Amino acid sequence: MINRTFTMIKPDATLKGHTGAILKIINDAGFRIIAMKMTHLSKIKAAQFYEVHKERPFYKELVEFMSRGPITAAILEKENAVEEFRKLIGATNPAQADEGTIRKLFATSVGENAIHGSDSDDNARIESDFFFSKLEQF
Ligand code: CMP
């Protein structure tokens with residue numbers, strides 16, 4: 001089934017100049033970009049986006065990191081998009097990510113892991129709507 005997922009190229013990858021290379025991998029893997037913007041999250045916005053993790057010990061570090069530099073947010077469409085995209089990006093911890101995955105290529109640690117991918121269709125919708133109005137979702 002054709003469905004959608006949400007992604008963010010995180011500040012570590014952005015500040016190292018990897019945005020173009022990551023978008024090419026996404027494009028070459030057959031994902032259609034149906035919304036995209038580059039922006040810089042304030043601490044308040046980063047805290048809101050990751051609110052589900054607010055009880056985790058790494059929450060403060062995550063909010064600091066995600067507001068350190070620009071990100072590129074995008075909505076992607078493909079058959080089985082959520083699962084296929086999580087395969088393309090690899091494990092949260094780059095040390096456990098498969099060869100050729102985006103995190104294996106560009107991430108440095110479990111916190112600074114280059115890219116986000118939604119973990120379910122419901123979260124893909126919630127995360128997409130956080131960044132894009134319906135008019136901006138093509
Ligand atoms: P992501 O899966 O995109 O969304 C949750 C984020 O929390 C995750 O990427 C990491 O950036 C971060 N994260 C998860 N586990 C840890 C951890 N153990 N230490 C620091 N950051 C983490």
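Predicted model, so just to flag it, every value in this text is computed and none were measured. For ligands, and for the atoms within them, numbers begin at 1 and follow the listed sequence. Computed over heavy atoms, backbone and side chain alike; hydrogens, waters and symmetry mates excluded.
- The distance criterion of under 3.5 Å between nitrogen or oxygen atoms is not met by Thr92 with respect to ligand 1.
- The Tyr50 neighbourhood of ligand 1 comprises atoms 3 (O), 4 (O), 5 (C), with distances under 4.0 Å to a heavy atom of that residue.
- At the top of the distance list for atom 10 (C) of ligand 1, counting protein heavy atoms only, stands Val110 O, 3.3 Å.
- Criterion: ILVMFWY side-chain heavy atoms under 4.5 Å apart, direct or through other members. Under it, Met36 and Phe49 are not part of a common hydrophobic cluster.
- Contact check on Lys16 versus Glu112 returns no salt bridge, with no Lys/Arg side-chain nitrogen under 4.0 Å from an Asp/Glu carboxylate oxygen.
- Looking at Met8, His116, Met66, Lys10 and measuring to atom 9 (O) of ligand 1, the nearest heavy atom belongs to Lys10.
- Taking the six-membered ring for Trp and the full ring otherwise, the centers of Phe131 and Phe6 sit less than 6.0 Å from each other.
- Neither the backbone nor the side chain of Glu112 comes within contact range of ligand 1; no heavy atom lies under 4.0 Å.
- Atom 2 (O) of ligand 1 has its closest protein heavy atom at Arg103 NH2, 3.9 Å.
- The aromatic rings of His116 and Tyr50 lie perpendicular to each other, with more than 60° between the two planes, well past the 30° mark.
- Counted within 6.0 Å of CD1 on Ile2, heavy atoms from surrounding residues, nucleotides or ligands total more than 12; the atom is thus considered enclosed.
- Checking side-chain atoms of Thr72 against main-chain N and O of Ile9 turns up no donor-acceptor pair under 3.5 Å.
- Considering Val63, Asp12, Thr7, Leu62 only, the shortest heavy-atom separation from atom 12 (C) of ligand 1 involves Leu62.
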Kindly determine whether Glu83 and Arg86 satisfy salt bridge (Lys or Arg N to Asp or Glu O under 4.0 Å), including the steps that lead there. CA-CA 5 Å; Glu83 200 184 323; Arg86 284 175 77 84; over 6 Å; no
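- With a 4.0 Å cut-off on non-hydrogen atoms, Phe65 does not touch ligand 1 at all.
- Atom NZ of Lys37 sits in a crowded spot, with more than 12 heavy atoms from other residues, nucleotides or ligands closer than 6.0 Å.
- The His53 neighbourhood of ligand 1 comprises atoms 5 (C), with distances under 4.0 Å to a heavy atom of that residue.
- Residue, atom and distance of the protein heavy atom nearest to atom 11 (O) of ligand 1 are Gly111 O, 2.9 Å.
- Closest to atom 7 (O) of ligand 1 among all protein heavy atoms lies Phe58 CE1, 3.3 Å.
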